[in-house]
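This report concerns only the one structure given below.
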Amino acid sequence: MKIFNIVKKIILILSFVFGIFSFINGSITLESVDQAISALLVSFVILACVGFFLFFIENKIARRIGQGIVTGYMAILLFASITYIGKCSAPIFGLTSVILYAIYFLICLIGYLALGGEGDNDPKNDIRIKKILGWKELQNQGVITAEEFEAKREEIIYGKNKNNKK
């Protein structure tokens, strides 16, 4: 599973690098069409950088905001790349960036479907395990009995308690 997440991050980083290089290409080549693409992207690049860094924050809301920002940047980059394809080199980097970004989401989708929607299955992030550990702490303190803990554990894991069992 770690390799899967590493591959996802590498593809995302490559996508970002190609997107930024598409922007920088205008100042390197000094061709008018490359400069036009850079001028189009200049107002969005800083926002895309912020969105990219939000991708790697543990907070789900920040990560989703980052995804939205970067997806918007990729849509603009796709538009600029398709508009100027064949006229200069920047669109090639832009299209490569957008394709890698699409591959990133395909890999995420494959991972989601393969795991049945369970995410990365990390026990540190699993709310059920946190609840069980909380109840175990109550048992260790003598607040609840072992039987009460076991009933609560089954309820958390299986979603039913003794009264609901058939």
Side-chain angles (χ1 to χ4, degrees), residues 1-24 41 43-82 92-166:
M1 194 60 193
K2 281 192 174 261
I3 292 174
F4 184 75
N5 287 330
I6 290 170
V7 168
K8 282 187 343 186
K9 286 182 181 181
I10 288 172
I11 289 174
L12 183 62
I13 290 169
L14 283 174
S15 171
F16 186 73
V17 167
F18 276 102
I20 293 300
F21 191 74
S22 177
F23 165 72
I24 295 173
L41 298 177
S43 58
F44 302 104
V45 168
I46 293 175
L47 192 59
C49 289
V50 170
F52 174 75
F53 289 112
L54 287 175
F55 251 105
F56 294 102
I57 293 179
E58 292 296 321
N59 186 327
K60 282 186 177 182
I61 295 172
R63 196 174 22 223
R64 299 256 168 124
I65 290 170
Q67 284 176 345
I69 292 170
V70 173
T71 302
Y73 174 74
M74 289 296 170
I76 293 167
L77 184 59
L78 178 64
F79 167 75
S81 298
I82 290 173
I92 294 168
F93 296 113
L95 285 175
T96 304
S97 176
V98 172
I99 290 168
L100 285 170
Y101 192 67
I103 289 171
Y104 167 80
F105 278 106
L106 281 174
I107 290 174
C108 289
L109 177 64
I110 290 168
Y112 180 81
L113 294 174
L115 295 172
E118 295 180 14
D120 62 0
N121 235 1
D122 186 7
K124 294 178 188 174
N125 298 331
D126 192 346
I127 191 70
R128 296 176 300 167
I129 291 177
K130 290 179 182 178
K131 286 181 181 179
I132 291 171
L133 290 175
W135 285 101
K136 184 65 174 173
E137 184 64 30
L138 290 175
Q139 180 192 0
N140 292 341
Q141 294 173 358
V143 176
I144 62 171
T145 65
E147 294 81 22
E148 290 171 321
F149 167 74
E150 199 55 41
K152 205 60 168 155
R153 186 184 72 80
E154 286 183 19
E155 180 181 335
I156 292 168
I157 292 174
Y158 303 113
K160 51 186 165 183
N161 58 24
K162 287 183 177 180
N163 297 332
N164 291 343
K165 287 184 179 177
K166 293 182 181 178

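For reference, positions follow the sequence shown, starting with 1. The basis for the numbers below is simple: all heavy atoms, side chains too, and nothing from hydrogens, waters or symmetry mates. This one's a predicted model, so the numbers in the text were calculated from it and none came from an experiment.
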Given the rule in the side chain to side chain contact (heavy atoms under 4.5 Å, CB included) test, do L12 and F52 qualify, once you have shown the distances and angles that lead to the verdict? CA-CA 9 Å; L12 183 62; F52 174 75; 4.0 Å; yes
Would you sort out whether T96 and S22 count as a side chain to side chain contact (heavy atoms under 4.5 Å, CB included), showing the intermediate values? CA-CA 9 Å; T96 304; S22 177; over 6 Å; no
Steps toward side chain to side chain contact (heavy atoms under 4.5 Å, CB included) verdict (I157, I132): CA-CA 9 Å; I157 292 174; I132 291 171; 3.7 Å; yes
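Atom NZ of K152 is separated from atom CD1 of I144 by 9.0 Å, given to the nearest 0.5 angstrom. In this structure, the separation between CG on L14 and CD1 on I103 is 10.0 Å, given to the nearest 0.5 Å. We find the CZ-CD1 distance between F21 and I92 to be 11.5 Å, quoted to the nearest 0.5 Å. Interatomic distance, CZ of R64 versus CD1 of I57, reported as 14.5 Å (0.5 Å rounding). Remark: F105 CZ to L100 CG distance equals 13.0 Å, nearest 0.5 Å. In this structure, C108 SG and I11 CD1 are separated by 9.0 Å, a value rounded to the nearest 0.5 Å.
Around CD1 of I61, the count of heavy atoms belonging to other residues, nucleotides or ligands within 6.0 Å does not exceed 12.
Of all heavy-atom pairs spanning S15 and S97, the tightest one is O-OG, 2.6 Å. What you find for I107 and K8 is that their closest heavy atoms are CG2-CG, 3.4 Å. G94 and S81 get closest at one heavy-atom pair: CA-OG, 3.4 Å. The two residues R63 and E58 come nearest to each other via the heavy atoms NH2-O, 3.6 Å.
Taking 4.5 Å as the limit, every side-chain heavy atom of F18 sits out of range of all side-chain heavy atoms of V98. V7 has its side chain out of reach of I10: every pair of non-hydrogen atoms, C-beta onward, lies at least 4.5 Å apart.
For the side-chain hydrogen bond (donor to acceptor under 3.5 Å, both in side chains) test with Q139, the passing option among E137, K136, Q141 is K136; the others fail.
Both tests do not hold together for K9 against F56: distance to the six-membered ring centre under 6.0 Å, angle to the ring axis within 45°.
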Show the atom names and distances, to 0.1 Å, of all donor-acceptor pairs under 3.5 Å that link a side chain in residues 66-79 to residues at least two apart or in another chain.
{"from": "T71", "atom 1": "OG1", "to": "Q67", "atom 2": "O", "distance (Å)": "2.6"}
{"from": "T71", "atom 1": "OG1", "to": "Y101", "atom 2": "OH", "distance (Å)": "2.7"}
{"from": "Y73", "atom 1": "OH", "to": "G19", "atom 2": "O", "distance (Å)": "3.2"}

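Ring-centre distance between Y104 and F16: not below the 6.0 Å cut-off.
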